[in-house]
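A note on names: the letters A, B, ... follow the listed sequences, proteins ahead of strands, and every chain is numbered from 1. Bear in mind the structure is a predicted one, so any value in this text is a computation, not a measurement.
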Amino acid sequence: MIDPQLLKTNIEAIEENIRKRDLNIDLDKLKHLDESRRALKFESEKLRSEQKKLGKEIASASEKDKVILLEKAEKISDKVKSLSEETQQKDEEFFDAWIKIPNIVNSSSPVGKTDEDNKEIKKVGEPKNIKNPMTHLEIGENLGLIDVERASKISGSRFSYLFGDLVKIQFNLVSYTLNKLSEKGFNPTIPPVLVRENALFGTGFFPDDSDQVYEVQNDDLFLVGTSEVSLAALHTDEIIDMKNLPLRYAGYSTCFRREAGTYGKDTSGIFRVHQFDKVEMFSFCDPEKSNEEHEHILAIEEEILKDLEIPYRVVDVCTGDLGASAAKKYDIEAWIPSQQKYREVTSCSNTTDFQARRLNMRTKNEDGNTILHTLNGTALAVGRILIALLENNQQPDGSVTFSDDLGTILGVNKLS
RNA sequence: GGAGAGGUGGCUGAGUGGUCUAAAGCGCUCGCCUGCUAAGCGAGUGGGGGACGAAAGUCCCCUCGAGGGUUCAAAUCCCUCCCUCUCCGCCA
């Protein structure tokens, strides 16, 4: 949610933002709604003030006066009731509409409509020349490391079993990542993966992307699609001293996604599955410093991919392709030999005050309280990194060999 | 899952229908006092929103776990939900 004051103080900024994001929103209607809501509120508060004054008079009035005053009070009470109901309705109407206004994009985000307008910032690492590269699924199945066929019998499509050294590699990768992040001041965290609706609402996944989320109906809980949700909500309703910012967390969790509307996309292997594990970075930070923090998070993501010897490119996501909560977003795409393409393996966003306002998270210093900024970024999307590792290090004989450095991180030098 | 107790400001804790404009204490901030520190004395001390204003500010509303209800009037009475604690049962 963006600051409703903008309607009064800088409506041009919202207009420009809607244009940049290529959206169609009736701002005039919203502005009028806001004005009438304020007017109603003012009337309602005035009347309530009168009612309270009268109440005090009644308390100290003589028996005789009381009868007359009570009659008067009764009438006011009715009016207060109906007026405050009306005010509440208007408020709700306004906020239902306001909540749909996306975050103001950063002025440095490239303006564009679709992912084709995303801007490549750099390419790092040289893809190896692999003749007739196998897919990660072919490699994994041949070596007995991945089984999606049986998984589909048990759980349906888009699930997998991982076996043997691939499991060992996963644990070593997670351990390596958490160690690195811990050294950089990110507090390792195992967050809940079942959350209440408010956490999803506060992070901006609800109401827009509710069809991507698994729901546990009996208990009104939802499975998170990323630990960003439970990490962001960690400091809900808190006021954090600016001296203690930034607060950085590295959350390790399983992620659950329904992948609705992706039928036919990435149907093979473990690239797009309903359940995967991920280490996620999350920062609560001084509003003045969130741009720096964003670059910092991106740099860490790059460092990890370099350590893992995966060729990648960095993409600055364009305004039309940004989610509602992001002001700016970088994706990193790893080279996938079997597709001869770079594919997304990390994503980091500066959501500025958008999530923090919804979750009511503030920071204070001598000048008072302000909404803080939140940022998130993928440190390690395990499944997709495993894909990149298998495919980029495959050998013509179907085995996979890692360099000595990489082998040290993974705890495995060769898969055969 | 069963039985019980309870949720009040940064903390402790009083308050069972009307100056609650939430006592008191602790903590914190500032001042006085003072070789220094402590004690003592005095003042201040939550959050959100609105109206007016260039601003400083002035006035007002909301907020006693959350949401409803009763009433002229609710921290206080009623209902629903959430959370915490104690005991029993079950359990990795």
Side-chain angles (χ1 to χ4, degrees), chain A residues 1-10 30-99 190-202 206 215-222 230 233-245 253-254 284 287 353-372:
Chain A
M1 182 163 67
I2 64 172
D3 188 354
Q5 291 287 347
L6 281 175
L7 273 176
K8 278 173 83 178
T9 58
N10 193 359
L30 253 178
K31 190 176 167 64
H32 287 130
L33 195 56
D34 183 46
E35 278 163 3
S36 63
R37 150 186 99 103
R38 283 170 198 277
L40 255 177
K41 185 173 230 155
F42 182 60
E43 283 308 310
S44 161
E45 282 180 7
K46 228 167 47 180
L47 203 63
R48 171 73 180 144
S49 176
E50 246 178 83
Q51 188 192 28
K52 284 176 74 174
K53 265 182 214 148
L54 198 57
K56 268 168 207 163
E57 281 177 46
I58 290 171
S60 56
S62 67
E63 287 304 314
K64 252 195 242 162
D65 295 343
K66 219 173 220 177
V67 182
I68 304 161
L69 288 172
L70 277 180
E71 221 170 288
K72 203 170 151 194
E74 220 165 315
K75 278 179 200 151
I76 287 197
S77 174
D78 284 347
K79 269 196 239 166
V80 167
K81 214 167 272 176
S82 66
L83 203 51
S84 68
E85 242 166 62
E86 217 179 314
T87 306
Q88 207 178 330
Q89 253 175 33
K90 261 293 198 261
D91 261 344
E92 274 168 30
E93 197 184 330
F94 174 75
F95 277 109
D96 284 351
W98 190 246
I99 211 77
I190 296 180
V193 292
L194 281 167
V195 299
R196 293 227 178 96
E197 188 174 18
N198 189 52
L200 285 155
F201 178 81
F206 277 14
E215 180 174 6
V216 182
Q217 281 184 338
N218 280 345
D219 298 282
D220 286 325
L221 289 169
F222 301 84
S230 19
L234 177 60
H235 293 296
T236 299
D237 290 329
E238 289 182 30
I239 300 174
I240 299 165
D241 203 308
M242 206 174 277
K243 285 192 295 252
N244 299 325
L245 297 180
S253 83
T254 301
F284 300 85
D353 61 4
F354 191 85
Q355 294 179 331
R357 182 170 286 105
R358 288 180 175 219
L359 291 166
N360 191 28
M361 302 187 291
R362 290 155 290 168
T363 176
K364 68 168 173 192
N365 64 6
E366 313 78 53
D367 302 330
N369 301 337
T370 50
I371 309 280
L372 53 76

(Q) Strictly under 4.0 angstrom, non-hydrogen atoms only: write out the protein contact profile of nucleotides 47-52 of chain B, one letter per nucleotide from the 5' end, B, S or -. (A) SSBSS-

Polar atom pairs (N or O), protein with nucleotides 65-67 of chain B, under 3.5 Å:
none

Q) In whole Å, what separates the P atom of B:G10 from that of B:C32? A) 29 Å

**Q.** Residue A:E238 excluded, over 12 heavy atoms near CD under 6.0 Å
**A.** yes

Name the pairs: protein N/O against N/O of nucleotides 72-75 of chain B, kept only if under 3.5 Å.
residue, atom, partner, partner atom, Å
B:C72, O3', A:S77, OG, 3.1
B:A73, OP1, A:S77, OG, 2.9

Q) With both distances under 3.5 angstrom, what nucleotide forms a Watson-Crick or G-U wobble pair with B:U16? A) none

Q) Rounded to whole angstroms, how far apart are CG on A:D91 and P on B:C62? A) 14 Å

Q | Complement of B:U45, any strand, by Watson-Crick or G-U distances under 3.5 angstrom | A | B:G27

Q.
When you measure from the side chain of A:S49 to the backbone of A:E45, do you find a donor-acceptor pair of N or O atoms at a distance under 3.5 Å?
A. no

Q. Should A:S49 be listed as having a side-chain N or O under 4.0 Å from OP1 or OP2 of B:C61?
A. yes

Q: Can you establish whether the number of heavy atoms outside A:K364 located under 6.0 Å from its atom NZ is more than 12?
A: no

Q. Looking only at heavy atoms, which two atoms of A:L6 and A:I2 are closest? And how far apart?
A. CD1-CD1, 4.1 Å

Q) Roughly how far apart, to the nearest Å, are B:U84 and B:A24 at atom P? A) 33 Å

Q. Can you tell if the side chain of A:L245 reaches within under 4.5 Å of the side chain of A:M242, non-hydrogen atoms only?
A. yes

Q: Counting Watson-Crick and G-U wobble pairs only, both distances under 3.5 Å, name the nucleotide matched with B:C87, or none.
A: B:G2

Q: Look only at the side chain of A:R358 and the backbone of A:I99, and say whether a donor-acceptor pair between them is shorter than 3.5 Å.
A: yes

Q.
Any strand counts, and the cut-off is 3.5 Å on both contacts for Watson-Crick or G-U wobble. Which nucleotide pairs with B:A39?
A. none

Q. If you measure from the P atom in B:U16 to the same atom in B:G1, how many Å do you get, rounded?
A. 35 Å

(Q) Quick check on B:C62: is either OP1 or OP2 less than 4.0 Å from any side-chain nitrogen or oxygen of A:K52? (A) yes

Q) What nucleic acid atoms does A:K46 come within less than 4.0 Å of, heavy atoms only: base, sugar-phosphate, or nothing? A) nothing

Q) In the strands shown, is B:A51 matched to any nucleotide by a Watson-Crick or G-U wobble pair with both distances under 3.5 Å, and which? A) B:U58

Q | Any donor-acceptor pair under 3.5 Å from A:S84 side chain to A:V80 backbone | A | yes

Q: Considering only NZ, NE, NH1 and NH2 on the basic side and carboxylate oxygens on the acidic side, decide whether A:K8 and A:D34 come within less than 4.0 Å.
A: no

